[in-house]
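Scroll down for the structure; my scribbles are underneath it.
Both ligands and their constituent atoms are indexed starting at 1 by order of listing.
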Amino acid sequence: MVETTQRLFFALCPDSATRARLARAGAVLHRGWGGRPMRAENLHMTLVFLGAAPAGALDALLALGAAQNLPRTVLRLTHAECWQRSRVAVLCPDEAAVPLLHLVGSLQRGLEAAGLTFDRRAWHPHVTLLRDARCDAGEAVLESIAWDVQEFALLASRHDVSSVRYEALGRWPAGGSWGPPS
Ligand code: ATP
Ligand code: MG
């Protein structure tokens with residue numbers, strides 16, 4: 001059957017060293033908050049969530065991704081939180097790095113201009129580390145993680161019976177085409 005919609009989102013994808021650090025943080029949190037650790041290959045930070053997007057929108061989404069200029073940015077994930085309502089344990093920055101705020105705003109404006117729907121709630125930058133967490137087990141203290149953001153991507157989430165995996169439909173490097181004058 002031809003797929004007419006895909007579940008899509010723009011996200012930051014960690015490099016392998018950051019991915020390993022995030023996975024280790026997830027293992028530490030799991031000792032206190034339980035739940036199910038995210039698979040390391042699925043660790044990401046959502047920038048804009050589109051949900052079910054029509055297949056015909058893909059070209060516009062790839063053009064929108066390619067039109068962004070994301071400078072190399074360090075995102076400091078300083079603390080863990082456990083969100084009672086959604087039962088997820090997450091790592092968050094104290095403040096979102098300004099270039100990432102610009103990227104989110106620019107993607108949202110591009111989606112708006114293209115007439116595409118997306119989740120318009122305020123962006124709460126976080127990396128989900130655990131699902132089905134028990135959030136009543138007190139505070140978690142972790143060393144902060146400095147994530148040198150190297151790329152963002154357009155991901156499609158694909159579900160099979162037992163798991164979810166994200167497929168990158170487009171990837172764009174940070175700092176690719178410009179930088180301070182030398
Ligand atoms: P599952 O829902 O099966 O547990 P998942 O949450 O990993 O899998 P998706 O639901 O496709 O996969 O979500 C992909 C990413 O988008 C996740 O980071 C998720 O937290 C985020 N996300 C999902 N729904 C929304 C939404 N309505 N608004 C903002 N972000 C969302
Ligand atoms: Mg979900």
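Of the N or O atoms in His126, none lie within a sub-3.5 Å distance of an N or O in ligand 1.
Side-chain atoms of Arg19 come within 3.5 Å of backbone N or O of Glu41 as a donor-acceptor pair. Distance alone, capped at 3.5 Å, is enough to place a donor-acceptor pair between the Arg39 side chain and the Val164 backbone. Judged by distance alone, with hydrogens and angles left aside, the side-chain atoms of Trp33 form no donor-acceptor pair with the main-chain N or O of Glu139 at under 3.5 Å.
With hydrogens left out, the protein atom closest to atom 7 (O) of ligand 1 is Tyr166 OH, 2.2 Å, a heavy atom. Protein heavy atom in closest approach to atom 6 (O) of ligand 1: Arg131 NH2, 3.1 Å. Scanning all protein heavy atoms for the shortest distance to atom 31 (C) of ligand 1 gives Phe49 CG, 3.4 Å. Among all non-hydrogen protein atoms, the one lying nearest atom 27 (N) of ligand 1 is Asp119 OD2, 3.1 Å. Distance from atom 18 (O) of ligand 1 to its nearest protein heavy atom, with residue and atom name: His44 NE2, 2.6 Å. Closest to atom 1 (P) of ligand 1 among all protein heavy atoms lies His159 NE2, 3.6 Å. Of the protein's non-hydrogen atoms, the one nearest atom 19 (C) of ligand 1 is Thr46 OG1, 4.3 Å. For atom 14 (C) of ligand 1, the nearest protein heavy atom (residue, atom name, distance) is Phe9 CE2, 3.5 Å.
The shell of residues lying under 4.0 angstrom from ligand 1, judged by heavy atoms, excludes Met45. For the pair Thr128 and ligand 1, no heavy-atom separation below 4.0 Å is found. At a 4.0 Å cut-off, at least one heavy atom of Arg121 sits close enough to ligand 1 to count as contact.
When Asp15, Thr18, Thr73 are each tested for a side-chain contact (heavy atoms from CB on, under 4.5 Å) with Gln150, only one passes: Asp15.
Taken from CG in Leu91 to CZ in Arg21, the straight-line distance is 12.0 Å, to the nearest 0.5 Å. Asn42 contributes atom CG, which lies 11.0 Å from atom OG1 of Thr128 (distance to the nearest 0.5 angstrom). With rounding to the nearest 0.5 Å, the separation of CZ in Arg76 from CD1 in Ile145 is 12.0 Å.
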List, one per line, each side-chain donor-acceptor pair under 3.5 Å for residues 93-116, sequence neighbours excluded.
residue: Asp94; atom: OD1; partner: Thr78; partner atom: OG1; Å: 2.9
residue: Asp94; atom: OD1; partner: His79; partner atom: ND1; Å: 3.2
residue: Ser106; atom: OG; partner: Gln68; partner atom: OE1; Å: 2.5
residue: Arg109; atom: NH1; partner: Gly105; partner atom: O; Å: 3.4
residue: Glu112; atom: OE1; partner: Arg120; partner atom: NH1; Å: 2.8
residue: Glu112; atom: OE1; partner: Arg120; partner atom: NH2; Å: 3.4

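Using bins of under 30°, 30° to 60° and over 60° for the plane-to-plane angle, the ring pair Phe10/Trp172 lands in the tilted bin.
Heavy-atom contacts of Ser157 reach the following atoms of ligand 1: 9 (P), 11 (O) (cutoff under 4.0 Å).
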